[in-house]
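One structure below.
All values below come from the heavy atoms of this structure, side chains included, with hydrogens, waters and symmetry mates left out. Not measured: the values here are computed from a predicted model.
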Amino acid sequence: MRRSSTLARQVLLVRVGRRDGDLRGGSDLATSEHRYVDRPRRRYGLTPVERAEVASIVPVSPALGPTTPVDESGMSIPLLPGERTVARRMKFAVVNACTLSSLMLGMLAIFLAMQGEVRVAALCLIACVVFDGLDGALARKFGVASPFGAQMDSLADMCSFGLAAPVVVYASLAGSVSTPAAAVACALVAACAAVRLARFNVSPKDGRFFCGVPTTMAAAVLALTVAIGLPVPGIVLVAGVALLAFAMVSSFPYAKLARLLKLPPWLWLAPVIGALIDIRLTFALIVVGYLVSGPVLWLRQRRTA
């Protein structure tokens, strides 16, 4: 009992010492603590172990402010780096208007899908893909690319391609497959799109290949599948949607569109002629061939490494 009362008395002395040091303002907090911690040793003959127990249970005052200085200048980071002329601001506004148009078309696709207009909603998704490619091209051409624009584009892609596309696909699968199967496949698309976009934002860029299927391309494939109405069983569509979702987060290299456009012109005759004969079959073969190209390039890179 005597030791516990002594311990409580020392805690009280140290706390009073801290308050006295705060009220004086000019005295050092460490000096005040040292004076009161040393007093119990002289008066009550505490051992070093007991003094350590006192120090371990002394509460720290929440009134002590943070040691890191806080920037209170109120200076905001400009959204458009560089020269801030009227012409550059107008170009910057046009680029962001394209990004917001993609976002609004994605929202419109969701509303149309909820009303059962799945093919019109799919056409809105295709328009989202067009505006998504347009804002990046205009930003590079006008010289107004910025971190703000990159973040805006990523958020718009998540809304249009990560949320609107699965909703449209889910509405198109209603009645042909079981509801849980369609919900799981579409939820996979949303989750993998979020992972794909986040990984793209923090990963180094490769000018030749994508790491995984781009979110924009996956949404375009889903939108075209709904728009043209592939005559395949519903369970096959669900499996294809899930496979496309996993392809987005895979590590397989997929060629960018710029590299595909550099192919010899005669190679484009086959898909053009095929589209004139049977556009659905041609589209399915192109999608399957592009998905298979990723693992093939991955195996080729491993053998040459």
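By the criterion of side-chain heavy atoms lying less than 4.5 angstrom apart, applied directly or through intervening Ile, Leu, Val, Met, Phe, Trp or Tyr residues, Phe200 is not grouped with Val249; the two fall into different hydrophobic clusters. Leu244 and Phe210 fall within the same hydrophobic cluster, where Ile, Leu, Val, Met, Phe, Trp and Tyr residues are linked whenever their side-chain heavy atoms come under 4.5 Å apart, directly or through other members. Side-chain heavy atoms closer than 4.5 Å link hydrophobic residues (I, L, V, M, F, W, Y) into clusters, and following such links, possibly through other members, connects Val226 to Leu123.
Scanning for side-chain contact (heavy atoms from CB on, under 4.5 Å) contacts around Ala255 gives Phe209, Leu260, with sequence neighbours left out. Considering only residues two or more places apart in sequence or on other chains, Thr99 meets the side-chain contact (heavy atoms from CB on, under 4.5 Å) condition with Asp135, Met152, Ala156. When the side-chain contact (heavy atoms from CB on, under 4.5 Å) test is applied to Arg280, the partners found at least two apart in sequence or on another chain are Ile228, Leu230, Pro231, Asp278. The side-chain contact (heavy atoms from CB on, under 4.5 Å) test applied to Ala121 returns Ala109, Leu112, Ala113, Val168, not counting sequence neighbours.
Under the 4.5 angstrom side-chain criterion for Ile, Leu, Val, Met, Phe, Trp and Tyr, the cluster partners of Val296 are Val288, Val292. Other members of the cluster containing Leu276 do not exist, because no ILVMFWY side chain is joined to it at under 4.5 Å. Leu163 belongs to a hydrophobic cluster whose other members, connected by ILVMFWY side-chain contacts under 4.5 Å either directly or through intermediates, are Met158, Leu197. Hydrophobic cluster membership of Leu155, counting Ile, Leu, Val, Met, Phe, Trp and Tyr whose side-chain heavy atoms lie under 4.5 Å apart directly or via other members: none, as it forms a cluster of its own.
For the pair Ser250 (side chain) and Ala247 (backbone), a donor-acceptor distance under 3.5 Å is present.
Residue pairs satisfying the ring pair (Phe, Tyr, Trp, His ring centres under 6.0 Å) criterion with at least one member in residues 269-298, sequence neighbours excluded, are listed as follows: Phe252-Trp298, Tyr254-Tyr290. For residues 142-154, every residue pair satisfying the side-chain hydrogen bond (donor to acceptor under 3.5 Å, both in side chains) rule, not counting sequence neighbours, is listed here: Ser154-Asn201. Note on residues 216-235: pairs passing side-chain hydrogen bond (donor to acceptor under 3.5 Å, both in side chains), not counting sequence neighbours, are Asp132-Thr216. The side-chain hydrogen bond (donor to acceptor under 3.5 Å, both in side chains) pairs that include a residue from residues 116-131 number zero, where partners must be two or more places apart or lie in different chains.
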